[in-house]
Amino acid sequence: MSLHRGLALSAMIASMLSDVNAQGPVGGKDSSKLQIHIPQALFQEGGYEHREALFGVPPYGGSIFQMVYYADSDLCDSNVDTRKGFPIRGVDDAGVMLPWPSPYILMVDRGSCTFVQKVRNAQRSGAAAVVIADTTCLCSMGDLCQDSNAECEPREPLMADDGSGADITIPSFLMFKQDADKVKAQLRSNSMVQMEMGWSLPSPDNRVEYDLWTTPTDLVVRDFMQTYKEAAVALGNRAYFTPHMYIYDGMLSNCQGDDGENQCYNLCTNNGRYCATDPDNNLDKGISGADVVVESLRRLCIWKVYGKDDGVGEKWWNYVNEFMVRCDNPDFFMSGECVDDVYKRVGINGGKVNKCMDDSGGVEDDIENELLSNELSYKEQAGVVIIPALFVNKVVIRGTLNFKTIFQAVCAGYLTGTEPDICSMCSSCPDEYKCTVNGYCEGNNTAHGIKGNVSGGVFISTLIGMTCLFFIAGACQYRRQQSQMRDAVKGVVAEYMPVGQDGKGMVGDDTQIT
């Protein structure tokens with residue numbers, strides 16, 4: 001097959017994915033809320049409908065409750081003028097309006113630059129959170145939204161990461177036009193608005209379930225995979241992890257022709273049944289979509305053999321991380337020798353994994369593979385359309401996929417009072433990852449398991465040391481007092497002693513009083 005045709009097929013699947021992404025929000029039910037408490041007239045039972053950004057770090061289990069300021073700017077310039085906007089504030093000695101008083105939630109209009117750029121500039125200005133005010137009505141809102149200057153928008157906007165959002169640490173929401181207009185009108189009238197942005201998770205019991213959707217070639221998830229194993233092991237049986245591999249249904253994509261032949265070249269396995277996009281967009285060389293499907297099946301089997309029973313899967317984590325180091329390149333991605341080397345290093349029985357891959361249906365013939373078909377079904381049920389995606393207690397986690405975000409989200413998923421010790425100790429630590437690795441939070445009184453109480457050995461040693469110190473200090477004071485007393489007595493005796501004929505005292509000059 002020609003390179004031109006191969007690229008056309010890759011573009012066809014990418015186009016299909018693009019259409020799905022644009023139809024609505026990313027799968028999974030949201031865990032956040034947006035509510036206005038002041039003025040009371042804008043309070044809405046159940047909160048306001050909104051969309052969460054796919055970047056930033058939401059404080060799962062907490063909320064941000066602050067005054068809102070309207071930037072009255074597109075915030076595309078990194079030099080943010082914090083002395084503009086509404087409501088109007090007082091002035092300083094130079095007669096210039098005071099800046100937005102921190103902490104605050106900043107509202108900014110949509111448009112002119114990416115969501116990430118706006119939120120980054122707001123973060124630099126000192127905002128605790130951002131609300132993007134949509135400026136175009138959704139067609140689905142009908143008469144609820146009025147906009148005489150533009151046509152309605154057929155699809156909801158998606159607050160996606162533009163690829164540079166790793167430095168964003170504050171959360172952000174998109175507020176639909178019909179609601180945002182009311183808030184802006186209130187702020188422009190120089191009236192205060194107090195808003196709450198909250199993030200909660202279902203907390204049914206003392207065990208949390210979390211699922212990760214990714215692919216073997218997903219670059220975004222690499223840092224997370226390299227660090228989160230420590231938390232998975234530390235949480236033990238108090239958290240159940242399930243990895244999922246994101247693949248496409250080749251039958252729905254017409255990759256299997258009427259004659260049963262694979263029409264999508266090397267993007268698919270099983271005669272076009274299971275497909276993946278080509279990671280390097282070159283179907284004639286490098287890693288193919290079919291290679292990604294095969295590696296996906298391998299990881300599903302490693303989990304089935306080594307992780308499904310305990311929900312931790314330490315060997316699964318070890319395999320993925322070793323594979324990324326040793327085999328994740330075009331030369332070794334499908335090398336059996338490289339995979340066997342990783343098996344050996346992490347203690348995996350390759351025979352068991354290969355048997356699982358074959359027993360599930362393999363990847364060669366026009367045969368249904370049970371594990372891969374299950375992944376397609378799970379993907380449909382979860383509504384996953386963008387990867388990586390992580391769910392905690394069946395709620396999709398928004399924001400940057402990093403250790404801090406996911407660890408806090410998992411710890412927020414426990415029934416109150418049932419959190420594991422590792423959550424109580426590390427979730428409020430400045431460096432959650434280091435705390436998880438070390439087993440204590442540096443600079444905290446609870447370090448090394450002391451938990452605020454002094455051990456018996458430390459107490460006795462301290463007591464003995466203090467006793468010795470007081471004894472030495474007392475002895476020194478006693479000797480000093482004795483010396484002062486001798487000097488005083490000597491002075492009195494010298495004053496009243498009779499004087500001899502030679503004019504000298506009866507006591508010799510070298511005579512000691514004591």
Side-chain angles (χ1 to χ4, degrees), residues 27-33 52 57-63 171 198-214 224-225 227-244 303-318 320 378 381-384 388-442 444-453:
K29 54 185 178 180
D30 287 330
S31 60
S32 61
K33 71 173 181 179
E52 296 180 55
V57 184
Y60 284 101
S63 62
W199 295 263
S200 61
L201 292 170
S203 305
D205 50 35
N206 64 352
R207 190 181 83 157
V208 168
E209 297 178 358
Y210 62 114
D211 301 69
L212 173 66
W213 286 89
T214 183
F224 172 77
M225 298 301 296
T227 57
Y228 202 77
K229 171 204 157 186
E230 302 294 341
V233 173
L235 290 166
N237 62 4
R238 297 296 307 280
Y240 191 94
F241 171 65
T242 304
H244 293 282
W303 178 258
K304 183 177 180 179
V305 175
Y306 292 99
K308 187 175 181 180
D309 289 341
D310 63 7
V312 176
E314 184 172 2
K315 288 189 176 181
W316 182 90
W317 290 94
N318 290 339
V320 170
Y378 297 151
Q381 294 171 17
V384 179
L390 195 137
F391 295 74
V392 174
N393 290 346
K394 301 188 184 305
V395 170
V396 64
I397 302 302
R398 309 298 188 186
T400 304
L401 188 66
N402 56 30
F403 185 95
K404 178 184 179 69
T405 302
I406 304 308
F407 182 73
Q408 290 186 348
V410 169
C411 288
Y414 290 96
L415 185 66
T416 302
T418 67
E419 302 87 351
D421 291 341
I422 194 69
C423 286
S424 303
M425 181 172 19
C426 297
S427 59
S428 59
C429 188
D431 191 335
E432 293 92 340
Y433 173 70
K434 195 171 183 179
C435 176
T436 304
V437 173
N438 295 337
Y440 63 90
C441 182
E442 290 188 356
N444 193 317
N445 289 334
T446 61
H448 300 277
I450 295 175
K451 297 184 178 180
N453 298 321

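Index from 1, following the sequence.
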* To do: Taking all non-hydrogen atoms of both residues into account, name the closest pair between Ala409 and Ile397 and its distance.
  => CB-CD1, 3.9 Å

* To do: State, to 0.1 Å, how close Ala412 and Leu201 come at their nearest heavy-atom pair, and which atoms those are.
  => CB-CD1, 4.2 Å

* Asked: Are any of the side-chain heavy atoms of Leu401 and Leu212 separated by less than 4.5 Å?
  -> yes

* Asked: Just how far is it from atom CH2 of Trp317 to atom CD of Glu230, taken to the nearest 0.5 Å?
  -> 10.5 Å

* Asked: Looking only at the SG atoms, are Cys435 and Cys441 under 2.5 Å from each other?
  -> no

* Does a side-chain heavy-atom distance below 4.5 Å link Asp205 with Tyr414? -> no

* Asked: Looking only at heavy atoms, which two atoms of Pro171 and Pro58 are closest? And how far apart?
  -> CB-CA, 4.0 Å

* About how many Å separate OG of Ser200 and CG of Asn393, when rounded to the nearest 0.5 Å? -> 11.0 Å

Going by atom type alone, with no hydrogens or angles, which donor-acceptor pairs under 3.5 Å involve a side-chain atom of residues 233-242 and a protein atom two or more places apart or on another chain?
from	atom 1	to	atom 2	distance (Å)
Arg238	NE	Asn206	O	2.9
Arg238	NH2	Asn206	O	2.9
Arg238	NH2	Thr418	O	2.3
Tyr240	OH	Lys308	O	2.5

* To do: Output, in order, the C-alpha distance, side-chain angles, deciding distance and verdict of side chain to side chain donor-acceptor pair (under 3.5 Å) for Glu52 and Ser32.
  => CA-CA 8 Å; Glu52 296 180 55; Ser32 61; 2.8 Å; yes

* Could you give the distance from NZ (Lys394) to CD (Glu209), rounded to the nearest 0.5 Å? -> 6.0 Å

* To do: For residues Phe224 and Phe403, report the shortest heavy-atom separation together with the two atoms involved.
  => CD1-N, 4.3 Å

* Where do Glu419 and Cys423 come nearest, in terms of heavy atoms and distance? -> CB-CB, 4.2 Å

* To do: Could you check if a side-chain atom of Val395 sits within less than 4.5 angstrom of a side-chain atom of Pro202, using non-hydrogen atoms only?
  => yes

* Asked: Side-chain contact, heavy-atom cut-off 4.5 Å: Tyr60 with Arg398?
  -> yes

* Hey, does Val392 have a side-chain heavy atom less than 4.5 Å from the side chain of Val208? -> yes

* Structure fact -> Between Tyr228 and Val410, the two heavy atoms sitting closest are OH-CG2, 3.5 Å

* Asked: Asp310: what forms a side chain to side chain donor-acceptor pair (under 3.5 Å) with it, not counting sequence neighbours?
  -> none

* Asked: Roughly how far, to the nearest 0.5 Å, is the SG atom of Cys426 from the OH atom of Tyr433?
  -> 12.0 Å

* To do: Would you check if there is a donor-acceptor pair between the side chains of Thr405 and Asn402 at a distance under 3.5 Å?
  => yes

* Under a 4.5 Å cut-off applied to non-hydrogen side-chain atoms, are His244 and Tyr378 in contact? -> yes

